[in-house]
Asks: 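Would you mind keeping the following structure in view while I ask a few things?
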2 protein chains.
Amino acid sequence: MPRNDKQVRLWVEGQLRAAGLKVTPQRYAVLDYLWSNRTHPTAEEIEAAVNQRFPCASRATVYNTLHALHEAGLVQELYGQGGVTRYDIKVEPHHHFICRRCGLIEDVKVERLSVKARLPLQSGHRVEELDVVIRGLCAKCRKIAEG
Amino acid sequence: MPRNDKQVRLWVEGQLRAAGLKVTPQRYAVLDYLWSNRTHPTAEEIEAAVNQRFPCASRATVYNTLHALHEAGLVQELYGQGGVTRYDIKVEPHHHFICRRCGLIEDVKVERLSVKARLPLQSGHRVEELDVVIRGLCAKCRKIAEG
DNA sequence: ATAACCGTTTAGACTTAATCTAATTTACGT
DNA sequence: ACGTAAATTAGATTAAGTCTAAACGGTTAT
C-alpha cells in the first residue's frame, strides 16, 4: 500500500499497466483522484476535479476511463436513486450505507456484515461480485423525519 | 395470498388503502400489473402495459404511483447499469442476480444467501432495507464471453 | 528521418430516463 | 349530492450518459 506521493504514482501506473491500459495523463489523473478521494464521486465531479488545475480530460474520456477501470476490476460502480452512477476505488472490500433522503453514502466494513452464499446460485451463471447496499435514513435525516 | 381475480382485486385495493393511497384506476392498474408480472419491468414497460387495453395512465402518473408504492414499502426499486430503474413487487424477500452483459435479472431465494449484520451499523443511522445484488455473467453470456 | 499504425482523446451533437408545471379532473368523507 | 384535498395530465424541460468522426500521440518498421 503506497505511503507517499512517489509510491502512489508508481502504484497508479502499475495498476493501469496491469489492467492492460496505456498510462495517459487523463487515466492517471482519474485513478489518482479516486485513490485520494474516497467520497464516491460522480463522473461529473471527477471530471471537474481532474480539470481544476488545467483542463486535460473531456467528458467522453472520463467516462471511457471509468468504464475501463471498472472493466479491469479496479473501480466499483454504485447505482442509486436518481440514476447517477458513483465511483469507488476498490482497495479493500466493503459494503455501503445509502441514505434514501439525502443520498449520503458511507462505507460499511465487511466485519459488520457477513454474507454466506450457497454456490452456485443459478446453474451456469458466473458470480463475479456481490454488492450489498444498506438503505435507510442517516442520523441527520432521521431526526428531521421523526420531527 | 390471493388465489383468484376477485381476491387479487381486494388484495390490491387493500394494499393501496393500507398505504394511505386513494384507489384510482391508474394505481390499481400499476400495482395489479406488478402483482402479475414479476419480470422487473421498467417504468416505460409498465406504462406501455397498463395502457395497452385502453390508455389510462400518463407517464407522470406511472412515476408518481411507483414512487408512492416504493415509499409505502410495497415495491422495490432496482438500480443498475444504464441508469434505468426497474420495479419489483415486494411479496417475499429475495435477492437478485444481474448479468453485467445482457442485463438479465433473476431472483435469488434468500435460502441461498444469508446476510447477517451486526447492528447498529453506524451510530444513529436507521437501517430500513438490505439490498443484495449478485453481479456476473449469466450462462448465455458466459458462453459468448468465454468463446 | 519518415511513414504507417493503432489505441486514445476530443468537442459537440444526440438520446432518453425522469422531473416539472400549471391547469384539470377525481375519489371519497361528510 | 357536495366540497375539497388529492390525483392526473400533456407537454416542456433537465441532465446523465452515449455516440461520432476527426485529430492526436506514441510506438515500430523502413
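If you're wondering where the values come from, they're calculated on a predicted model, not measured in any experiment.
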Asks: Run the numbers on B:L104 and B:E106 for side chain to side chain contact (heavy atoms under 4.5 Å, CB included), then give the verdict.
Replies: CA-CA 7 Å; B:L104 168 87; B:E106 251 183 34; 4.0 Å; yes

Asks: Is B:L69 close to B:L16 at the side-chain level, that is, under 4.5 Å between some pair of heavy atoms?
Replies: yes

Asks: With a 4.0 Å limit, can you tell me whether B:T24 has a side-chain N or O closer than that to the phosphate oxygens OP1/OP2 of D:dT8?
Replies: yes

Asks: Write down the distance between CD (B:E47) and P (C:dT16), rounded to a whole number of angstrom.
Replies: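 After rounding, the gap between these two atoms is 15 Å.
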
Asks: Does C:dT10 have OP1 or OP2 under 4.0 Å away from a side-chain N or O of A:T61?
Replies: yes

Asks: Find the distance B:Y28:OH to C:dT26:C1' and express it as a whole number of Å.
Replies: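 Atom-to-atom, B:Y28 to C:dT26, this comes out as 19 Å.
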
Asks: For C:dC28 and B:R17 - does any side-chain N or O of the residue sit under 4.0 Å from the phosphate oxygens OP1/OP2?
Replies: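 Checking C:dC28 against B:R17, a side-chain N or O does come within under 4.0 Å of OP1 or OP2.
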
Asks: Stepwise, does the side chain to side chain contact (heavy atoms under 4.5 Å, CB included) test hold for B:E45 with B:T39?
Replies: CA-CA 10 Å; B:E45 287 165 355; B:T39 54; 5.7 Å; no

Asks: Grab the NE2-P distance between A:H70 and D:dG17 for me, whole Å please.
Replies: 13 Å

Asks: Need to verify one output field. Residue with the more 5' nearest nucleotide on DNA chain D, A:Y87 or B:G20?
Replies: B:G20

Asks: Taking only the side-chain heavy atoms of B:L21 (C-beta and beyond), determine which of D:dG11, D:dG17, D:dA7 contains the nearest atom.
Replies: D:dA7

Asks: Could you check how far CG of B:N64 sits from P of D:dA10, rounded to whole Å?
Replies: 13 Å

Asks: Has B:Q26 got a side-chain N or O lying under 4.0 Å from the OP1 or OP2 atom of D:dT9?
Replies: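 Yes, B:Q26 has a side-chain N/O under 4.0 Å of OP1/OP2 on D:dT9.
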
Asks: Could you tell me the separation between the NZ atom of B:K22 and the P atom of D:dA7, rounded to a whole number of Å?
Replies: 6 Å

Asks: Atom CD of B:Q76 and atom CG of B:L34: how far apart are they, to the nearest 0.5 Å?
Replies: 12.0 Å

Asks: Could you tell me how far apart A:Y79 (OH) and D:dG17 (P) are, to the nearest whole angstrom?
Replies: 10 Å

Asks: Return whichever of B:Y63 or A:R59 has its heavy-atom-nearest nucleotide of DNA chain C closer to the 5' end.
Replies: A:R59

Asks: Judged by each residue's nearest nucleotide on DNA chain D, which is more toward the 5′ side, B:G82 or B:P55?
Replies: B:P55

Asks: With heavy atoms under 4.0 Å as the rule, sort B:T42 into base, sugar-phosphate or nothing.
Replies: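 The residue B:T42 makes no contact with any strand.
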
Asks: Under 4.0 Å, heavy atoms only, any strand: does A:P25 hit a base, just the sugar-phosphate, or nothing?
Replies: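 Here A:P25 touches no strand at all.
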
Asks: Under 4.0 Å, heavy atoms only, any strand: does A:R27 hit a base, just the sugar-phosphate, or nothing?
Replies: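 Counting heavy atoms under 4.0 Å across all strands, the contact made by A:R27 is with sugar-phosphate only.
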
Asks: From the list C:dC20, C:dG12, D:dG17, which nucleotide is the closest neighbour of the side chain of A:A43?
Replies: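 For A:A43, the side-chain atoms sit closest to D:dG17.
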
Asks: May I ask you to decide if the ring planes of B:H96 and B:H40 are parallel, tilted or perpendicular, using 30° and 60° as cut-offs?
Replies: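 The arrangement is perpendicular - the two ring planes meet at more than 60°.
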
Asks: Does B:L31 share a hydrophobic cluster with B:V8, counting links as ILVMFWY side-chain heavy atoms below 4.5 Å and allowing steps through other members?
Replies: yes

Asks: Using a cut-off of less than 4.0 Å, is there contact between a side-chain N or O of A:T85 and OP1 or OP2 of D:dG17?
Replies: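 So the side-chain polar atoms of A:T85 do come within 4.0 Å of the phosphate oxygens OP1 or OP2 of D:dG17, strictly under.
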
Asks: Distance check needed: C:dA17 P versus B:Q81 CD, whole Å only.
Replies: 16 Å

Asks: Calculate the interatomic distance between A:N51 atom CG and C:dA11 atom C1'; express it in whole Å.
Replies: 13 Å

Asks: Is any side-chain nitrogen or oxygen of A:H67 closer than 4.0 Å to OP1 or OP2 of D:dG17?
Replies: no

